[in-house]
Protein chains: 2
Amino acid sequence: MGTKSTVTIRDVAADVGVSRQTVSRVLNKGPNVKPAVRAKVEASIERLGYVPNISARRMRGSRSYLILAINDRQRTYDNWRAGRGNDWVDQMLFGGMTECEKHGYHMVFELIDTEPAKAHAQLSKVISELRPDGVILTPPHSENGDLADLLKGQGIACARVGRREGHGFVDVCMDERAAGEQATRHLADLGHQRIAYLAGSSEYGNSLMRLDGYRAILENRGLEQREEWVGEGAFSFDTASKVALQWLKSKDRPTAIIADNDQMAFAVLHTVERVGFRIPDDLALVSFEDTPGVRLSVPPMTAIRQPTAAMIAQACEGLITESSGIDASGCYEMPFEFIERDSTARFSQD
Amino acid sequence: MGTKSTVTIRDVAADVGVSRQTVSRVLNKGPNVKPAVRAKVEASIERLGYVPNISARRMRGSRSYLILAINDRQRTYDNWRAGRGNDWVDQMLFGGMTECEKHGYHMVFELIDTEPAKAHAQLSKVISELRPDGVILTPPHSENGDLADLLKGQGIACARVGRREGHGFVDVCMDERAAGEQATRHLADLGHQRIAYLAGSSEYGNSLMRLDGYRAILENRGLEQREEWVGEGAFSFDTASKVALQWLKSKDRPTAIIADNDQMAFAVLHTVERVGFRIPDDLALVSFEDTPGVRLSVPPMTAIRQPTAAMIAQACEGLITESSGIDASGCYEMPFEFIERDSTARFSQD
DNA sequence: TCGCGTTTTGTGACCGGTCACAAGAAAAAA
DNA sequence: TTTTTTCTTGTGACCGGTCACAAAACGCGA
């Protein structure tokens, strides 16, 4: 069907014998069009292979059919250089595109700097250039209030991943506390009595919520809580390795460890190997995130799986709804998955 | 600097006391503008915080400042669902955006179906909507000649990742044969005499080139070549596991294995564990790709690292060059890296 | 039948840039 | 000095849609 050149709305209008505006109304599912006319227009669109030009639509019109996905440059760089085993962008692409396609939207990925002043300037520039209907801010930018305000000031809908206020924004998150509980409960159910928690950072809200969940279960089951069994691993391999080594060498060592992210879980894995222990026999291990490497590790790890794709899909849906004039702000809590693999087993006394 | 509303080219023109067209010429670095005028316009742009509206530019103008990155839906889905440990998109984002930013371009990621007819229709639709300056086709779509022709027919520049013809297209690839040689040479240098090659698929050109490299080195070093030491793993975990198991149980078993992708390398890793051998003592292992999981495996794997980010950056550069009217077609071969980690060691006779 | 409200359709202007072409200014040639 | 050429600048139309508003067609009660 080699469409000769570009088919425009005027071609369709001429073909059917109606005005441009009528065709436009059909395209936008406007209300006041006779069913018979609508059908004829739709048939013509189909036959001529007409596709609306997104740029033209945005010129006079208000919608741009574009959603901006903002990623952190540093994190992307790190993933690129050091190979953190993060599949965040993959997840975004899958979750976001699937949703966007349904509504005729497209996703533009942008990288902006972590440093707040730079981030502000870069975001400001890109929204002027592209004028998207909505912007998704991912961590750490979702924590940056200035960026959200900038968008709000420009009348651009904004979704934040990993936040939970939801006042005027589309916030998507998961129930971190429940995830902390789930991981701990799983280990308690397996008979573990000495469960350690390798936290990320005490400045990171989500980290604290998980820790709350962990403590709640210990409390609830009457398990021993020791100050030194909550370590801070700074989300880093090296720091986590040190903490893990200390635990493993102590007498009365923990028989299970929950790691706040995969990076630290791998640190534990390597430390265990170094000390000559085996997982899950000598130590049970649960990780958060469930990025790809986790499933291929030896042994594959039991993990909380963050619903990244679902969160982004939800963010897109919210933004698209907002851009059609309906308020969709609020906090959307997406369900996580708990995936039991081979790094956890029933605790045996021997 | 709360820019009140939208600053347009007319505002700048009025501010400087010059016509729109002159401002436009400055923006596009057109030739015939007096230096003094140019400086004044540039100062005004800076002061007013003017940013050109990409959509408006594309309406009458010819350039869109948009590059489309086409990804395979199935592969993205698989990565999402099964967690293949692929960081392809991450790499694309990093490599592509870095290059695009330099030239004021943006990247739009799209997912299209693997099935050729669907892929054609979907690509056709998206280029009509977005009218990008260039499109990057990634595997498997880079192998689909119809898609490239469709783009060519519409006058849209096209870059293909993993192809090497370069006739009218910007093809980017790496030297697969040299990579195959490198991996094999490394093992030979370590004293291995029985080196097996776990190939992906004999229908995949790049796979064959690596295999050529492997054979060339064996030949060159006078090492034994056995038919059964070249296995076909279909790029899949399960198939590769079977092949690996057979090799490991055979007497005169290979002492080193080269796996055509990470997925299969992991299969070998798991099989070795199952059989009770150890890497690298009982078997040396080299993988291609070097996706993130590989660096965190126990032990971390020696691998050929595909220059994904560099290839995408090169693709972007080529497309942007083309869109400014200069022919940039041809085949660009990007250098790969060889990263020695702990899965390979000197062969010991005992 | 007429009048009035509602639904359906059409018209011209417009969004913010760039293109084609024309006109004015400056430099080179006669 | 005049003419020709080249450089610089400006003007109106235009890209392909949508908005605001006007006009026409329809429905229905009086």
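Sequence lines set the chain letters: A, B, ... in the order given, protein chains first and strands last, and positions in each chain run from 1. Note: hydrogens, waters and symmetry copies are ignored here, and every other heavy atom, side chains too, is used.
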Task: Residue A/N53, side-chain heavy atoms: nucleotide from C/dG10, D/dG17, C/dG16 that is nearest - done: D/dG17
Open item on the list: Closest-nucleotide mapping onto DNA chain D: is B/R10 or A/R58 further toward the 5' terminus? I mean the 5' end.
Closed with: B/R10
Task: Ionic contact status for B/R164 with B/D171, cut-off 4.0 Å - done: no
- [ ] State whether B/Y65 places a side-chain N or O below 4.0 Å from either non-bridging phosphate oxygen (OP1 or OP2) of C/dT18.
- [x] no
Task: Spacing between B/L27 atom CG and C/dG16 atom P, to the nearest angstrom - done: 15 Å
Open item on the list: Taking only side-chain N and O atoms of A/S55, does any of them lie within less than 4.0 angstrom of OP1 or OP2 on D/dG16?
Closed with: no
Open item on the list: For the residue pair A/R57 and A/Y65, would you count it as a cation-pi contact if the rule is NZ or CZ under 6.0 angstrom from the ring centre and within 45 degrees of the ring axis?
Closed with: yes
- [ ] Would you indicate, yes or no, if D/dG16 has its OP1 or OP2 atom less than 4.0 angstrom from a side-chain nitrogen or oxygen of A/T8?
- [x] no
Open item on the list: Between A/E101 and B/R73 (salt bridge meaning N to carboxylate O under 4.0 Å), is one present in this structure?
Closed with: yes
TODO: Can you sort out the partners of A/R60 under side chain to side chain contact (heavy atoms under 4.5 Å, CB included), two or more places apart, ordered by chain and number?
DONE: none
Task: A/M59 CE - D/dC15 P separation (whole Å) - done: 13 Å
Collect all protein-nucleotide pairs involving nucleotides 19-29 of chain C in which both atoms are nitrogen or oxygen and the distance is under 3.5 Å.
residue	atom	partner	partner atom	Å
C/dC19	N4	B/Q21	OE1	2.8

Open item on the list: Below the 4.0 Å mark, does D/dT8 have OP1 or OP2 next to a side-chain nitrogen or oxygen of B/N32?
Closed with: yes
Open item on the list: Under 4.0 Å between a side-chain nitrogen and a carboxylate oxygen: does that hold for A/E165 and A/R160?
Closed with: yes
Task: Pair B/R38 + B/E42, salt bridge at N-O below 4.0 Å - done: no
Open item on the list: Rounded to whole Å, please give me the gap between CZ in B/R131 and C1' in D/dG17.
Closed with: 11 Å
- [ ] Specify the separation, in whole Å, of atom CD1 of A/I9 and atom C1' of D/dC15.
- [x] 14 Å
